[in-house]
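See structure below.
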Amino acid sequence: MTFEHILFSIEDGVALLSLNRPQQLNSFNTQMHMEVREAIKQVRQSAEARVLLLTAEGRGFCAGHDLSDRNVAPGAAMPDLGESIDQFYNPLVRALRDLPMPVVCAVNGVAAGAGANIPLACDLVLAARSASFIQAFCKIGLVPDSGGTWLLPRLVGMARAKALALLGERLSAEQAERWGMIHRVVDDADLRDEALTLARHLATQPTYGLALIKRSLNASFDNSFDQQLELERDLQRLAGRSDDYREGVSAFMNKRTPAFEGH
């Protein structure tokens with residue numbers, strides 16, 4: 001597939017996927033969805049990719065869905081927005097959440113609608129100091145999607161989640177950091193470099209084990225304590241049989257820097 005609306009590359013273990021419709025504030029249309037899906041498929045199949053870095057070009061991260069795709073003229077048939085969610089948004093956030101490697105997201109500028117919730121499905125979110133998050137759905141009579149109604153209450157609490165969803169007010173990056181919604185705020189000029197530095201560091205780590213950590217933490221929301229203990233046992237069994245574990249112990253015992261390979 002030829003990419004028109006994203007930039008995609010894999011280098012030094014880092015898969016860099018950047019949304020690239022800056023004139024439309026990187027709002028999604030069908031073609032961009034298909035390109036992002038193909039890029040994530042290539043990341044899964046790549047023997048080189050060990051970390052995914054998701055970001056965007058221009059002055060905004062993502063303004064959600066391109067409403068020109070869904071313009072409802074008077075007298076026209078109403079769209080089935082559930083079909084769009086089934087085909088595109090749910091598979092996207094599931095793919096990010098389930099990707100067996102760390103996913104770093106760098107939010108540059110406004111993140112609105114689905115664009116505010118897609119980063120929350122990632123593992124480590126950095127945001128430019130000027131960035132903001134807006135649950136804009138209520139302003140056009142819609143419901144937060146892309147996992148927003150599940151992720152927000154767990155990240156910021158129910159009271160704050162309801163305020164964000166019902167009022168649609170702008171949440172600054174610094175407030176999002178204070179509320180525990182994102183990992184860290186950085187100066188605008190440093191965002192891409194900071195995100196790449198973080199992604200490159202993760203790419204040198206035992207990423208098979210990191211994928212198991214991600215899997216265990218994601219499962220903890222729905223497991224009982226006893227179920228989580230059993231999952232930790234099962235995943236630790238897998239981790240203990242990995243080449244990375246063998247290398248990590250060997251490097252520690254021999255006081256050298258480990259050379260992890262991600263399996």
Side-chain angles (χ1 to χ4, degrees), residues 1 3-29 31-44 46 48-66 88-89 92-93 95-97 99 101-134 146-148 151 171-174 176-177 181-203 207 210 214:
M1 175 183 287
F3 296 137
E4 298 179 25
H5 299 316
I6 68 171
L7 303 177
F8 180 66
S9 62
I10 300 176
E11 186 176 349
D12 297 328
V14 177
L16 176 60
L17 194 172
S18 189
L19 307 180
N20 190 31
R21 298 184 75 218
Q23 299 305 314
Q24 295 79 27
L25 286 178
N26 298 308
S27 56
F28 274 89
N29 60 11
Q31 181 62 27
M32 191 160 83
H33 269 298
M34 297 302 293
E35 292 178 17
V36 169
R37 178 177 297 178
E38 175 61 24
I40 293 176
K41 178 182 175 182
Q42 291 184 27
V43 171
R44 274 189 169 272
S46 170
E48 182 185 353
R50 299 180 63 188
V51 177
L52 172 62
L53 172 55
L54 174 64
T55 189
E57 303 300 309
R59 61 188 178 87
F61 175 73
C62 177
H65 196 87
D66 189 338
F88 299 119
Y89 288 100
L92 172 57
V93 293
L96 294 171
R97 183 177 167 85
L99 197 65
M101 64 183 67
V103 179
V104 177
C105 183
V107 178
N108 52 305
V110 68
N117 292 330
I118 289 168
L120 307 185
C122 301
D123 302 312
L124 292 168
V125 183
L126 305 183
R129 204 165 300 279
S130 67
S132 59
F133 299 82
I134 308 171
S146 302
L151 291 161
L171 183 70
S172 71
E174 292 180 336
E177 181 188 45
M181 198 172 95
I182 64 173
H183 171 51
R184 185 156 53 93
V185 173
V186 301
D187 290 338
D188 288 33
D190 299 330
L191 178 65
R192 183 67 64 95
D193 286 344
E194 290 273 355
L196 281 169
T197 296
L198 177 59
R200 287 167 180 155
H201 164 73
L202 290 167
T207 47
L210 298 187
K214 172 177 173 175

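Side chain of T207 to backbone of A203: no donor-acceptor contact under 3.5 angstrom is found.
Between A195 and L53, the closest heavy-atom pair is CB-CD1, 3.8 Å.
Under the ring-ring contact (aromatic ring centres under 6.0 Å, His included) criterion, H5 pairs with no residue at all, not counting sequence neighbours. Applying the side chain to side chain donor-acceptor pair (under 3.5 Å) test to T55 and every residue at least two apart in sequence or in another chain returns nothing. Under the rule for a salt bridge (charged side-chain N to carboxylate O under 4.0 Å, His left out), the partners of R184 that lie at least two apart in sequence or sit in another chain are E194. Taking the side chain to side chain contact (heavy atoms under 4.5 Å, CB included) definition, one finds that A173 meets it with A127, A131, V185, sequence neighbours left out. E177 meets the side chain to side chain donor-acceptor pair (under 3.5 Å) test with no other residue; sequence neighbours excluded.
Sorted by first and then second residue, the pairs that involve residues 112-133 and meet side chain to side chain donor-acceptor pair (under 3.5 Å), not counting sequence neighbours, are N117-Q135, D123-K214, R129-E174, R129-D187, S130-D188.
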Can you list the steps and then say if M101 with V43 is a side chain to side chain contact (heavy atoms under 4.5 Å, CB included)?
CA-CA 10 Å; M101 64 183 67; V43 171; 3.6 Å; yes
Just do the side chain to side chain contact (heavy atoms under 4.5 Å, CB included) check on F88 and H65 with the steps written out, would you?
CA-CA 11 Å; F88 299 119; H65 196 87; 5.9 Å; no
Before you tell me yes or no, could you show the steps for N20 and F3 under side chain to side chain contact (heavy atoms under 4.5 Å, CB included), namely the whole-Å CA-CA distance, both residues' side-chain angles and the distance that decides it to 0.1 Å?
CA-CA 10 Å; N20 190 31; F3 296 137; over 6 Å; no
Please evaluate residues D66 and M32 with respect to the criterion side chain to side chain contact (heavy atoms under 4.5 Å, CB included), reporting the C-alpha separation (whole Å), side-chain torsions for both, the decisive distance (0.1 Å), and the verdict.
CA-CA 10 Å; D66 189 338; M32 191 160 83; over 6 Å; no
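The distance from atom CG of L52 to atom CZ of R44, rounded to the nearest 0.5 Å, is 11.0 Å. Of the inter-residue distances, the one linking L151 atom CG with I118 atom CD1 reads 11.5 Å to the nearest 0.5 angstrom. Distance CD/Q23 to CZ/R21: 10.5 Å, rounded to 0.5 Å. Expressed to the nearest 0.5 Å, how far CG of L19 lies from CZ of F61 amounts to 5.5 Å. Distance CG/D190 to CG/L126: 11.0 Å, rounded to 0.5 Å. L202 contributes atom CG, which lies 12.5 Å from atom CZ of R200 (distance to the nearest 0.5 angstrom).
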Indicate every side-chain donor-acceptor pair of residues 6-18 with a distance under 3.5 Å to a residue at least two apart or in another chain.
residue: S18; atom: OG; partner: E57; partner atom: OE2; Å: 2.4

Under 3.5 Å, sequence neighbours excluded: what are the donor-acceptor pairs made by side chains of residues 102-110?
residue: N108; atom: ND2; partner: A56; partner atom: O; Å: 3.1
residue: N108; atom: ND2; partner: G58; partner atom: O; Å: 3.1

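Here the side chains of L96 and I40 are in contact, with some heavy-atom distance below 4.5 Å.
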